[in-house]
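Each ligand, and each atom within it, is numbered from 1 in the order the structure gives. Just so you know, residue 1 is the first one in the sequence shown, and it goes up from there.
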Amino acid sequence: MKMKILVLGGGGREHALIWAINQNPKCDEIFCAPGNAGINKIAEIANLNILKPDEIVNFCKTKHIDFVIIGPEAPLLAGVSDALKLENILTFGPSKASSMLEASKSFTKSICKLGKIPTAKSDTFYNLKSAAKYLESCDFPVVLKVDGLAAGKGVVIAESKKVALNTIKIMFGGKFGNVGKPILIEEFLHGEELSFFVLTDGKTILPIGSAQDHKRAFDNDTGPNTGGMGAYSPALILTTDLEKKIISKIIKPTVDTMNAQKLPFVGVLYAGLMIRNGEPTLIEYNVRFGDPECQVLMVRLGAQILDLLLDCAEQKLEQSKVNWANDSAISVVMAAKGYPESYAKGTVIKNIFSAEKVSGVEVFHAGTKNNNGQILAIGGRVLNITCKERNLALAHNKVYEAAALIDWDSGYYRKDIGWRGLK
Ligand code: AMP
Ligand code: GLY
């Protein structure tokens, strides 16, 4: 069957998804909203507000869209997936209710408790007074989290009581627009982080790859936290034994508990894990692909991702199988100087095409715009230089060879992406 597909989102994650889907012979036409300067070379841009379920439904009916893929969490929480499914439009993206696994950290803690899932010990507080009192008895560092979504800025690791007190004052002060919502005070976990991805239709759990992100802005994991400055896949730390433990102790009990709560989860479940002495502990869930983790997964999975997403949405994952090659991928994020704080917009990027000529390299766009043929940076994270090769060292060399060819004075990137895998 030839399909008309709509992808929602406009980051490097969606560019990579569209790049892979487009190679599948089932894909006839592909639309994207809002897209970016890279996406518009391979998909037709639809002028839609992706947070308006009615607008998306109407577009799908008018254009006879066969399949919708939702990239970011915001449209999921706006109810776009639910609205499309009500109209019998095949959709990849979990329900708003089950997306609470990402949107509310206290909800996830309650699922962990019900499912006996290993996670950091944590308590939830609704006011400054009780949180401050609790800090009196804590060992430091502690991890402070606002309950809801905060664009990656809602987590602070406080090294001392003084910093912790200041932080909870800010958190309860409304900076995150979360006034009245709780905060969590959590035990600090030691170990190595791992991102683990599965597709699930509520019955079958299908692992689709591992990755390690690099959250800090600068080399050697220094500087402020960002949305992610680069990723590589597969993660060296993931052994067969560890994967079995992650599925049996964390993923399966989560899927089962969500079913028992009548909140079946159907979509991609991205587990952020801490690994210590071969044992996994859940840090958090996301209900979407990671960005930039998606970019490394997509160059490894390629065209088959469309079949897998379709099987997941149609709830027939039981019959699916991932065909893996023995390869590695790496993605380096180019960001605007100043990101994750303030940065200039509208600066010109040149020579992307030279980077794209390096064999095995794909340049995925994030915050870019095409202005009469000139590529302008309009976001914080702007390009993702991505390479798949037969081993990580080769992918690393080529990705940095390609990155050096791009001419953008107002941008920066980390030079050490993948160091854990290369060591
Ligand atoms: P989250 O938004 O929950 O993924 O938190 C963002 C980052 O903060 C994680 O990727 C970890 O690096 C760090 N983090 C969150 N919770 C903990 C914890 N309990 N212990 C140690 N680090 C944590
Ligand atoms: N790279 C982290 C995330 O997508 O949440």
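Note on ligand 2: Arg288 sits in its first shell, one or more heavy atoms being nearer than 4.0 Å. The closest approach between a heavy atom of His190 and any atom of ligand 1 is not below 4.0 Å.
The existence of a salt bridge linking Lys109 and Glu186 is confirmed by a sub-4.0 Å separation between a basic side-chain nitrogen and an acidic carboxylate oxygen. Salt bridge absent: Lys105 and Asp147 never bring a charged side-chain N and a carboxylate O closer than 4.0 Å.
Taking all heavy atoms of Lys121, Arg216, Lys145 into account, the minimum distance to atom 3 (O) of ligand 1 is reached by Lys145. Nearest-residue assignment for atom 19 (N) of ligand 1 (options Lys215, Glu186, Glu193, Met274; heavy-atom criterion): Glu186. Across Leu273, Ile157, Val143, Asp221, heavy-atom proximity to atom 17 (C) of ligand 1 is greatest for Val143.
A perpendicular orientation is assigned to the rings of Trp19 and Phe364, their planes being inclined by more than 60° (bins at 30° and 60°). A tilted orientation is assigned to the rings of Tyr134 and Phe125, their planes being inclined by 30° to 60°.
Defined by atom type and a distance below 3.5 Å, a donor-acceptor pair is present between the side-chain atoms of Arg300 and Ser233. Using a 3.5 Å distance cut-off with no hydrogens or angles, the side chains of Lys85 and Ser81 do pair a donor with an acceptor. A donor-acceptor contact closer than 3.5 angstrom is absent between the side chains of Asn40 and Asn370. Between the side chains of Ser331 and Tyr232, no donor-acceptor pair is found at a separation under 3.5 Å. A donor and an acceptor atom, one from each side chain of Glu192 and Gln212, are located under 3.5 Å apart.
With a heavy-atom cut-off of 4.0 Å, Leu189 touches ligand 1 through backbone and side chain alike.
Taking any N or O of Arg381, backbone or side chain, none lies under 3.5 Å from an N or O belonging to ligand 2. Residue Phe289 has no N or O atom closer than 3.5 Å to an N or O atom of ligand 2. Considering backbone and side-chain atoms together, Lys215 places no N or O closer than 3.5 Å to any N or O of ligand 2. At a 3.5 angstrom cut-off on N or O pairs, Glu187 counts as close to ligand 1.
Seen from the ring of Tyr413, Lys415 counts as a face-on cation partner, given the 6.0 Å and 45° thresholds.
Atoms of ligand 2 found under 4.0 Å from any heavy atom of Tyr270 (numbered from 1 in listed order, with element): 2 (C), 3 (C), 4 (O), 5 (O). Which parts of ligand 2 touch Glu293 is read off a 4.0 Å heavy-atom cut-off, strictly below it: atoms 1 (N), 2 (C), 4 (O). Per-residue contacts place Gly227 under 4.0 angstrom from the following atoms of ligand 2 (heavy atoms of the residue considered): 1 (N), 2 (C). Here is the list of ligand 1 atoms found below 4.0 Å of a heavy atom in Ala120: 19 (N). Of all the atoms in ligand 2, the ones that sit under 4.0 Å from a non-hydrogen atom of Asp213 are 1 (N), 2 (C). Under a 4.0 Å criterion applied to the non-hydrogen atoms of Gly290, ligand 2 contributes the atoms 4 (O). Near Phe188, meaning under 4.0 Å from any of its heavy atoms, are these atoms of ligand 1: 20 (N), 21 (C).
Put simply, the side chain of Thr386 does not reach to within 4.5 Å of the side chain of Ile330, judged on heavy atoms.
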